[in-house]
Participant: 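Sending over a structure as structure tokens; questions will come in a sec.
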There are 2 protein chains.
Amino acid sequence: MTAVDRRTEIKAKHRQSIVDAASTIMRQRLTSEFSVDELAVAADVSRRTIFNHFASIDDVVIEACGNELAEVVEHLASISPASTGTKVPIFDDLAETFRQADLITPMVYLTKVLGSDDPQLTPRQAQMSGRAFTEINERLGRELHSRHPEADPLEVGLLVSTMTNGLLVIYLHWMSECGAVDSPESRNLWSQLVERLITSLRTGFGSH
Amino acid sequence: MTAVDRRTEIKAKHRQSIVDAASTIMRQRLTSEFSVDELAVAADVSRRTIFNHFASIDDVVIEACGNELAEVVEHLASISPASTGTKVPIFDDLAETFRQADLITPMVYLTKVLGSDDPQLTPRQAQMSGRAFTEINERLGRELHSRHPEADPLEVGLLVSTMTNGLLVIYLHWMSECGAVDSPESRNLWSQLVERLITSLRTGFGSH
DNA sequence: TACACTAAATGCAACGTTGCATTCGGTGCA
DNA sequence: TGCACCGAATGCAACGTTGCATTTAGTGTA
């Protein structure tokens with residue numbers, strides 16, 4: 001049956017064209033503020049259809065942003081592949097990913113797109129940043145679970161969630177310190193913060 | 001000057017009457033779903049005024065919920081008071097608070113108020129739960145910072161945030177396990193989850 | 001092809017939320 | 001008291017979001 005429900009296919013196409021239209025607008029104008037009507041026209045669907053696929057415009061933006069961060073998750077798969085059979089502790093696995101992944105590039109782009117001129121974060125910005133990280137959280141959770149199927153799901157969930165949460169904390173700190181500019185200094189600061197986070201979470205908070 | 005800007009006073013009164021009206025409706029009907037008009041009438045202010053004080057109806061609900069959890073924060077102040085001069089590590093301070101505080105009672109109430117019949121969480125529920133915990137997060141952060149002024153703010157922020165995030169994780173787990181019912185078994189499970197969380201965060205994720 | 005069935009898209013009305021212009025009422029001063 | 005000033009409240013129009021009824025178009029059957 002090659003004729004696998006063409007309706008499903010059309011539905012996916014519509015959804016995709018909505019996300020694509022959002023991505024295009026965001027790249028063109030370096031902002032995530034556009035009207036529903038504008039998006040509907042650009043995606044060539046009705047206004048209402050957008051809300052059939054997404055709970056809100058922000059959700060569309062989040063998914064578009066998520067694609068920018070997708071490579072971070074893919075990066076995970078490429079490091080210390082499970083195929084080597086080497087037993088890498090799950091924590092080190094994750095820690096190494098965050099060390100090696102280039103988070104700066106997508107973070108700077110996202111800060112521009114989600115941000116305003118004001119260095120102070122608006123509530124919307126704060127929330128959107130949080131959700132962008134949650135997005136990574138879920139993707140990483142799935143990926144890690146498939147790579148370490150023997151681990152306790154709750155434990156993995158807590159680990160990933162704790163890590164991602166920590167990342168958000170240092171991201172906000174990094175933002176306020178250097179204004180999300182991509183420079184040698186800011187990259188250096190970021191590395192330090194990542195190390196600090198990893199150390200804190202590795203050794204726990206109980207030991208100092 | 002006892003005549004300290006009466007306008008400020010009036011403004012605070014309006015804000016309070018909005019929150020109070022929300023609390024009243026929530027207690028009466030055990031739900032957080034009411035219309036803006038309904039709230040405006042109950043608080044005896046204009047519809048628009050509500051949005052002058054709060055970014056959304058959900059924000060009003062969150063603040064009303066926050067008051068339910070306020071005692072948890074107050075509880076913190078009552079345990080191992082700084083006045084004793086005993087040097088309690090900041091982590092133990094926080095851990096002990098979560099051990100001793102009765103989180104079950106407010107959690108069960110909030111689950112009822114925020115929840116639907118469906119045991120599965122709606123996106124709104126999930127978000128509201130998250131925000132209710134964030135609310136505690138901020139209150140605790142302020143409290144802890146004032147009690148341990150010598151500690152690095154970033155470190156304290158990371159600690160509180162990590163803790164609260166972990167609490168949210170086990171809360172969601174607890175919900176799905178026992179349906180947020182207050183019973184000896186559920187309290188027992190909750191204690192176990194709290195211990196598990198504290199242990200994980202105390203010793204870190206790097207050691208097993 | 002004709003037709004019934006159904007998922008998805010659409011139109012529309014109601015409610016949530018926001019930006020802006022206007023009104024209301026407290027404060028300070030002549 | 002009379003008046004200018006200003007912050008908060010209000011009214012209103014526009015846009016975001018949702019629930020529901022209707023239309024459109026793919027699928028299976030005769």
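Each chain gets a letter, A, B and so on, in the order its sequence line appears, and its residues count up from 1. Both backbone and side-chain heavy atoms feed into the values below; hydrogens, waters and symmetry mates do not.
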Participant: Is a donor from one side chain sitting under 3.5 angstrom from an acceptor on the other, for A/S56 and A/D59?
Facilitator: yes
Participant: Name all residues meeting the side-chain hydrogen bond (donor to acceptor under 3.5 Å, both in side chains) criterion together with A/R47; count only those two or more places apart in sequence or in a different chain, and write none if there are none.
Facilitator: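 A/D37.
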Participant: At under 4.0 Å between heavy atoms, how does the protein contact nucleotides 13-18 of chain C? Give one character per nucleotide, 5' to 3', with B, S or -.
Facilitator: ---BBB
Participant: More than 12 heavy atoms of other residues, nucleotides or ligands under 6.0 Å from CG of A/D182: is that the case?
Facilitator: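 Yes, CG of A/D182 has more than 12 neighbouring heavy atoms, counting only those of other groups under 6.0 Å.
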Participant: Specify the separation, in whole Å, of atom CD of B/E9 and atom P of D/dG7.
Facilitator: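 Those two atoms, CD and P, are 18 Å apart.
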Participant: Reading DNA chain C from 5' onward, which residue's closest nucleotide shows up sooner: B/I10 or B/N52?
Facilitator: B/N52
Participant: Among the candidates C/dT10, C/dA7, D/dG11, find the nucleotide nearest to the side-chain atoms of A/S46.
Facilitator: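 The answer is C/dT10.
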Participant: Contacts to DNA chain C from residues 12-21 of chain B, heavy-atom cutoff under 4.0 Å, which residues?
Facilitator: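 Output list: empty, so none.
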Participant: Have A/N52 and A/H14 got a donor and an acceptor in their side chains that come within less than 3.5 Å?
Facilitator: no
Participant: Donor-acceptor pair, distance only, cut-off 3.5 Å: does the side chain of B/W174 make one with the backbone of B/L189?
Facilitator: no
Participant: Between C/dT6, C/dA8, C/dG26, which nucleotide has the shortest distance from any of its atoms to the side chain of A/R7?
Facilitator: C/dT6
Participant: Counting only side-chain nitrogens and oxygens, does B/H53 get under 4.0 Å of the OP1 or OP2 atom of D/dA9?
Facilitator: yes
Participant: Look at B/D102 together with B/R187 and state whether they make a salt bridge at an N to O cut-off of under 4.0 Å.
Facilitator: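 Counted as a salt bridge, because a side-chain N and a carboxylate O are separated by less than 4.0 Å.
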Participant: Return the value, rounded to whole Å, for the distance between atom CZ of A/R6 and atom P of C/dA9.
Facilitator: 13 Å
Participant: Starting from P on D/dA9, measure out to NZ on B/K11 and report it in whole angstrom.
Facilitator: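 Result: 7 Å.
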Participant: Just so I know, are the side chains of A/N188 and A/P184 near enough to count as touching, which here means a heavy-atom distance under 4.5 Å?
Facilitator: no
Participant: Taking C-beta and beyond as the side chain, do A/L167 and A/M163 meet within less than 4.5 Å on heavy atoms?
Facilitator: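 With C-beta onward as the side chain, the pair stays apart.
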